[in-house]
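Worksheet for the structure shown next.
Protein chains get the first letters and strands the later ones, always in sequence-line order, with residue 1 at the start of each.
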2 protein chains.
Amino acid sequence: MAKKELSIEQKIKYVQDTLFVISGKWKLPIMIAINNGNNRFRDIQRAVPNITTRVLSKELKDLEENRLVVRTVYDSLPVTVSYTVTPYCKSLKPMVDEMIKWGENHRAMLKKIKPA
Amino acid sequence: MAKKELSIEQKIKYVQDTLFVISGKWKLPIMIAINNGNNRFRDIQRAVPNITTRVLSKELKDLEENRLVVRTVYDSLPVTVSYTVTPYCKSLKPMVDEMIKWGENHRAMLKKIKPA
DNA sequence: GATGCCAGTTACCTAAAGGATACCAAAATG
DNA sequence: CATTTTGGTATCCTTTAGGTAACTGGCATC
């Protein structure tokens, strides 16, 4: 197949779609935390520095709605709640990896131009 | 060299650094537009749907401060102003490409699960 | 029976992002 | 000479994101 070339309008539209889903300080950090084995509410909260319960609760709901995270209630005693990432969430990995790389490099760059 | 494995705390930190620089509805669309040959203020505005002059002006200043865009005034008659992306801005390309890909796929997915 | 952990909810508030509208001077165009 | 284009500013306003703090009910522990 020929590699499709997107128009600039399409590129902008798709980037904005992506931004709409992942933007904000917390959604990606939360997904990273869950993906790393933090499945309980308090575990996630501990893994994501400085997030409050209120914000975490709200963001988890958003992520559920966008089918990136699944909430499961186990009928144990006491009930436990588990959050897991969906396969769809994992499709974000290449993008997130690039974001991590860029952020790491960016921080190194800032040190160089603004030393001491 | 051994491939360095980042801790979850580091991953979260770097992602948040990146988000801090690119977040908002407009910064990436503006960079895409400039990179595609829209160098004049009004050209950029036309290329980025629905952005207002006020917001574009402010975002361009932010991008200049972050060394992602350069503003050049040509002493012609009348004076012309040209915006160009820096080499540093181009280092965002792999990430932006992944975001475009994901957004395209995401839109296709939404069509499937919510047809007509 | 007081304290603490879990998984949140509720109400309130502030700061920032973004939008709407109007306006400006200088030059070009019709 | 009226209009349009360029590269923006200035005001004002609304919306959203995010933070603070208190509280809940159920269970477990000391």
Side-chain angles (χ1 to χ4, degrees), chain A residues 12-13 15-34 37-66 68-85, chain B residues 12-13 15-34 37-66 68-85:
Chain A
I12 289 177
K13 191 180 62 174
V15 164
Q16 285 186 322
D17 284 354
T18 301
L19 282 170
F20 189 75
V21 175
I22 66 160
S23 74
K25 279 170 75 171
W26 301 116
K27 291 196 180 62
L28 288 178
I30 290 168
M31 289 188 265
I32 292 173
I34 297 175
N38 299 279
N39 301 103
R40 311 281 299 270
F41 190 91
R42 296 294 173 191
D43 290 342
I44 302 167
Q45 187 170 10
R46 271 185 290 268
V48 179
N50 302 315
I51 196 168
T52 64
T53 59
R54 180 194 173 279
V55 170
L56 178 55
S57 172
K58 189 222 160 217
E59 298 286 13
L60 284 169
K61 279 176 191 162
D62 285 2
L63 293 172
E64 253 199 288
E65 273 181 31
N66 278 310
L68 295 167
V69 159
V70 171
R71 179 180 185 270
T72 317
V73 179
Y74 290 103
D75 210 358
S76 51
L77 266 178
V79 285
T80 55
V81 179
S82 181
Y83 292 92
T84 47
V85 297
Chain B
I12 289 177
K13 193 180 60 174
V15 164
Q16 285 186 322
D17 284 353
T18 300
L19 283 170
F20 189 76
V21 175
I22 66 161
S23 73
K25 278 170 78 170
W26 302 115
K27 290 194 179 63
L28 287 178
I30 290 168
M31 290 189 265
I32 292 173
I34 297 176
N38 299 279
N39 301 103
R40 311 281 301 268
F41 189 91
R42 296 294 175 191
D43 290 342
I44 302 167
Q45 188 171 10
R46 271 186 290 268
V48 179
N50 302 315
I51 196 166
T52 64
T53 60
R54 181 193 172 280
V55 170
L56 178 54
S57 172
K58 191 222 157 217
E59 298 286 9
L60 284 170
K61 279 175 192 164
D62 285 2
L63 293 172
E64 254 199 286
E65 273 180 32
N66 278 310
L68 295 166
V69 159
V70 171
R71 180 180 185 267
T72 317
V73 180
Y74 290 104
D75 208 0
S76 50
L77 267 177
V79 287
T80 55
V81 179
S82 181
Y83 292 91
T84 47
V85 297

Given the options R46(B), R40(B), Q45(B), D43(B) meets side chain to side chain donor-acceptor pair (under 3.5 Å) only with R46(B)
Considering only side-chain heavy atoms of Y83(A), which listed nucleotide, dG19(C), dG18(D), dG8(C), is closest? dG8(C)
Closest of dA27(C), dC6(C), dG8(D) to the L77(B) side chain is dA27(C)
Could you tell me the separation between the [atom1] atom of [X] and the [atom2] atom of [N], rounded to a whole number of Å?
X      : N       : atom1 : atom2 : result
I30(A) : dA17(D) : CD1   : P     : 13 Å
R71(B) : dT6(D)  : CZ    : P     : 16 Å
R40(B) : dT6(D)  : CZ    : C1'   : 7 Å
Q45(B) : dT9(D)  : CD    : C1'   : 13 Å
Q16(B) : dA17(D) : CD    : P     : 16 Å
D43(B) : dG8(D)  : CG    : C1'   : 14 Å
F41(A) : dG8(C)  : CZ    : P     : 6 Å
D62(A) : dG18(D) : CG    : P     : 10 Å

Looking at every non-hydrogen atom in both residues, tell me the closest pair between [X] and [Y] and how far apart they are.
X      : Y      : result
L63(B) : M31(B) : CD2-CE, 3.9 Å
V48(A) : A33(A) : CG2-CB, 3.8 Å
W26(A) : V55(A) : CD1-CG1, 3.4 Å
P49(A) : I12(B) : CD-CG2, 4.4 Å

Here's a test of your reading of the structure: between T80(B) and K25(A), which maps to the more 5' nucleotide of DNA chain D? T80(B)
Using a cut-off of strictly less than 4.0 Å between a heavy atom of the residue and any atom of DNA chain D, enumerate the qualifying residues of residues 46-60 of chain B by number. R46(B), T53(B), R54(B), S57(B)
Rounded to the nearest 0.5 Å, the OH atom of Y83(B) sits from the CG atom of L60(B) at a distance of 5.0 Å
Can you list every pair that meets salt bridge (charged side-chain N to carboxylate O under 4.0 Å, His left out) and has a residue in residues 16-26 of chain B, with sequence neighbours left out? R107(A)-D17(B)
Reading DNA chain C from 5' onward, which residue's closest nucleotide shows up sooner: K27(B) or K61(A)? K61(A)
